[in-house]
Protein chains: 2
Amino acid sequence: MSDKPHILVVDDEEDIRELVCMNLRRAGYAVTEAMDGLQAIAEVKLKKPDVMILDVMMPECDGLNVCRQVRANPETADIPIIMLTAKGQTQDRIEGLERGADDYLTKPFSPKELVLRVHSLLRRASTTLIISDLKEGPFHFDMRAVKLKVNGEPIDLTLLEFKLIQLLASKKGEVIERDTILREVWGYTDQVRTRTLDTHMKRLREKLAEYSDWVQTARGFGYVFKAPEVASCAD
Amino acid sequence: MSDKPHILVVDDEEDIRELVCMNLRRAGYAVTEAMDGLQAIAEVKLKKPDVMILDVMMPECDGLNVCRQVRANPETADIPIIMLTAKGQTQDRIEGLERGADDYLTKPFSPKELVLRVHSLLRRASTTLIISDLKEGPFHFDMRAVKLKVNGEPIDLTLLEFKLIQLLASKKGEVIERDTILREVWGYTDQVRTRTLDTHMKRLREKLAEYSDWVQTARGFGYVFKAPEVASCAD
DNA sequence: AACAAGAGTGACAAATATGTCACGAATGGC
DNA sequence: GCCATTCGTGACATATTTGTCACTCTTGTT
C-alpha cells in the first residue's frame with residue numbers, strides 16, 4: 001500500500017470524469033480513470049483501489065453490474081463504492097445501495113462534497129484498520145485483549161488455543177490443512193511429524209464445551225470451523 | 001452485545017422519529033429514541049449504539065454538536081452516524097461530513113432508503129471488523145499473530161509483554177496510569193498493591209534493547225510510549 | 001470383515017510465563 | 001541537603017503452557 005490512498009474513477013462522461021479526478025488529485029489522492037465498466041473491472045484486478053467512484057449510467061456494463069461483480073469477488077468485496085446517479089433516479093440509488101454501494105451522489109454534485117465523502121469513507125476504513133473484533137456465529141474474538149467469548153460467556157484460552165480457533169473462525173467454512181495450521185499458529189516452516197496439534201485441539205474442544213462441534217475434523221486433511229449440522233433424524 | 005443491532009434515533013420532530021423507528025423495528029433492528037441532543041448524549045453513554053441517526057436542526061444541542069461530542073470521545077468515536085438534514089441545506093451536509101458524520105439523508109426521505117443506508121453502514125462496520133496491524137514509529141504490531149517487529153526485527157515477547165506495549169503504543173504520547181494498565185492488561189478490577197508491572201516493564205525494556213527508551217516512566221503516574229528526546233547537548 | 005492410517009485421549013515431563021520479595025537507585029518536595 | 005516515595009533490579013518460587021508418548025477409537029479402503 002502506497003502513501004496516497006488510491007481512488008478509481010469510472011464514468012463514460014469525460015468532463016465529469018476529469019472534474020472528479022482533478023478535485024481528488026488536488027485533495028492529495030492518487031487517481032486512476034476508467035471510461036467504462038469493463039475497463040473498471042480490469043483496473044480493479046490490476047490494482048485494488050482504496051475507494052471506487054462509479055457512474056450508474058454507462059453503456060454495455062453499467063455501474064450496478066460492476067458493483068455486483070466487485071462485491072461477488074472476496075478479494076475486492078470490501079472496496080468502498082460511491083455511485084454517481086442522475087437527478088431524480090431514486091430507483092437507481094436504492095438499487096445501488098441494495099447491490100452493495102456504500103454511498104451515492106446525484107449529478108450535478110459539488111466536488112467539495114465528493115472529496116469529503118471519499119475522505120469519510122477512507123477515515124472509516126482506516127480507523128477500523130487498527131485493532132478490532134472478529135465475530136462468527138456465537139463466537140466473539142477480542143483481538144486486543146486476546147480473549148474469546150462464546151454467546152457472551154468468556155472462555156479461558158491459552159495464547160495457542162486462541163490463535164488456533166481464531167485462524168479457523170476467520171476462514172469459516174473452509175477446511176484448513178494441518179500443515180497450514182502448524183505453519184500459521186506454531187510458526188513451523190518445515191513439515192514436521194507432530195501430535196501437538198491433536199493435543200491442543202482436544203484441549204480447545206474441552207474448553208468450548210457444547211460449542212466444540214463448531215470445530216470439525218476433516219479426516220486426512222485438517223479442520224474446519226462451521227455451524228454444526230442440524231440433526232435430521234428423530235433422535 | 002445483543003443479537004439485534006442497536007440504532008439510536010435522535011429527532012425533535014415526533015412524527016419523523018416515529019416513522020423512522022417503526023421502519024427500523026420492522027427491518028429487525030433494536031431502536032432507542034431521543035428527542036433532543038442532550039438526551040442523545042446521555043443515551044450514548046448508557047448504551048453505545050451500533051448506528052446513530054441524528055437530526056441536524058434541534059434546539060439547544062443540535063446534531064452537529066452531538067456529532068462533535070460523540071467523535072471527541074474515543075469510546076464512541078467510531079459510531080456510524082447518519083445526519084438528517086432539511087431540503088436545500090447543502091452547507092449543513094458539508095459541515096456534518098466535516099464534523100465526522102458518515103452519511104446524510106435529506107427530508108423528506110424514503111424510509112426504505114434510510115433502512116438500506118443503515119444496513120450499508122452496519123455491513124461495512126461488520127465486514128471491516130477484521131484483524132489488522134498497528135504501526136507506531138519503528139514498532140509494528142501484528143495483532144493476528146500476536147507478534148511485534150521493531151524496525152523489521154522480530155522481538156520475542158510473552159503475551160503479557162505484547163499486550164503491555166501494545167496498549168501504550170496505541171495511545172502514543174499519552175501517559176497511561178498504572179491502575180489503568182493493571183486493569184487493561186492484567187484484568188485487575190480493584191486497586192492492588194503489586195510490583196508485577198514493574199517487573200514486566202523491566203523485562204520488556206530488556207527485550208526492546210536500544211528501543212526501550214520509547215517506553216518512558218511518568219513517575220507517580222504511569223508510563224508513556226513516545227519517541228525519545230533528541231540529545232540537546234554536545235554529549 | 002480385516003487392516004492400515006488418522007485422530008482422540010490421558011498422563012507425564014519439560015519449558016515458559018508470571019508474581020513476590022528485598023534491596024538499591026532515582027526522583028521530587030521541603 | 002535530607003528524607004520519603006516511587007521505580008528498577010536480581011533472585012527465587014509458583015503457576016501455567018506446551019509437547020511427547022503410548023494406547024485406544026474411528027474411519028476409509030480393499
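The figures here come from the full heavy-atom set of this structure, side chains too, leaving out hydrogens, waters and symmetry mates. Naming: A, B, ... by sequence-line order, numbering from 1 per chain.
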Asker: Could you state the atom-to-atom distance from CG of B/Leu204 to P of C/dA17 in whole Å?
Answerer: 13 Å
Asker: For B/Leu160 and D/dT16, give me the distance from atom CG to atom P, rounded to whole Å.
Answerer: 13 Å
Asker: Nearest whole angstrom, please: distance from the P of C/dG19 to the CD1 of B/Ile181.
Answerer: 14 Å
Asker: Nucleotide by nucleotide, 5' to 3', does protein get under 4.0 Å of the base (B), only the sugar-phosphate (S), or neither (-) in nucleotides 25-30 of chain D, counting heavy atoms?
Answerer: -BB---
Asker: Rounded to the nearest Å, what distance is computed from the CH2 atom of residue A/Trp186 to the P atom of nucleotide C/dT16?
Answerer: 16 Å
Asker: Are any of A/Thr196's side-chain N or O atoms less than 4.0 Å away from OP1 or OP2 of D/dG19?
Answerer: yes
Asker: Starting from C1' on C/dG8, measure out to NE2 on A/His200 and report it in whole angstrom.
Answerer: 15 Å
Asker: Tell me the salt bridge (Lys or Arg N to Asp or Glu O under 4.0 Å) pairs involving residues 204-216 of chain B, sequence neighbours left out?
Answerer: B/Glu161-B/Lys207, B/Lys202-B/Glu206
Asker: List for me each residue that meets ring pair (Phe, Tyr, Trp, His ring centres under 6.0 Å) alongside B/Tyr211, sequence neighbours excluded, and say none if there are none.
Answerer: none
Asker: Need the bend value for the helix from C/dA1-D/dT30 to C/dC30-D/dG1: angle between end axes, 5 pairs each end, nearest 10°.
Answerer: 50°
Asker: Going through the distances and angles, do B/Leu160 and B/Val185 end up as a side-chain contact (heavy atoms from CB on, under 4.5 Å)?
Answerer: CA-CA 7 Å; B/Leu160 260 185; B/Val185 175; 3.3 Å; yes
Asker: Could you run through nucleotides 8-13 of chain D and give me one letter per nucleotide, 5' to 3': B if any protein heavy atom sits under 4.0 Å from the base, S if only the sugar-phosphate is that close, - if neither?
Answerer: BBBB--
Asker: For B/Thr194 and for B/Lys207, locate the closest nucleotide of DNA chain C by heavy-atom distance; then report the residue assigned to the nucleotide nearer the 5' terminus.
Answerer: B/Lys207
Asker: Under 6.0 Å from the NZ atom of A/Lys172, do we count more than 12 heavy atoms belonging to anything else shown?
Answerer: yes
Asker: Identify, with sequence neighbours excluded, every residue that meets salt bridge (Lys or Arg N to Asp or Glu O under 4.0 Å) alongside B/Glu184.
Answerer: A/Arg144
Asker: Give a yes or no answer on whether the side chain of B/Thr217 reaches the backbone of B/Arg219 with a donor-acceptor pair at less than 3.5 Å.
Answerer: no
Asker: Tell me the interatomic distance from A/Gln216, atom CD, to C/dG8, atom P, rounded to whole angstroms.
Answerer: 12 Å
Asker: Could you tell me whether B/Arg25 and B/Glu33 have a side-chain N and a carboxylate O separated by less than 4.0 Å?
Answerer: yes
Asker: How many Å lie between CZ on B/Arg193 and P on D/dT5, as a whole number?
Answerer: 13 Å
Asker: Would you find a donor on one side and an acceptor on the other, under 3.5 Å apart, between the side chain of B/Gln39 and the backbone of B/Met35?
Answerer: yes
Asker: Can you measure A/Asp213 atom CG to C/dG8 atom P for me and round it to whole angstrom units?
Answerer: 14 Å
Asker: Given 3.5 Å as the limit, does a donor-acceptor pair link the side chain of B/Asp50 with the main chain of B/His6, or not?
Answerer: yes
Asker: Would you say the side-chain atoms of B/Gln216 pair up with the backbone N or O of B/Lys226, donor to acceptor, closer than 3.5 Å?
Answerer: yes
Asker: Out of A/Val215, A/Val175, A/Leu204, which one pairs with A/Leu168 under the side chain to side chain contact (heavy atoms under 4.5 Å, CB included) rule?
Answerer: A/Val215
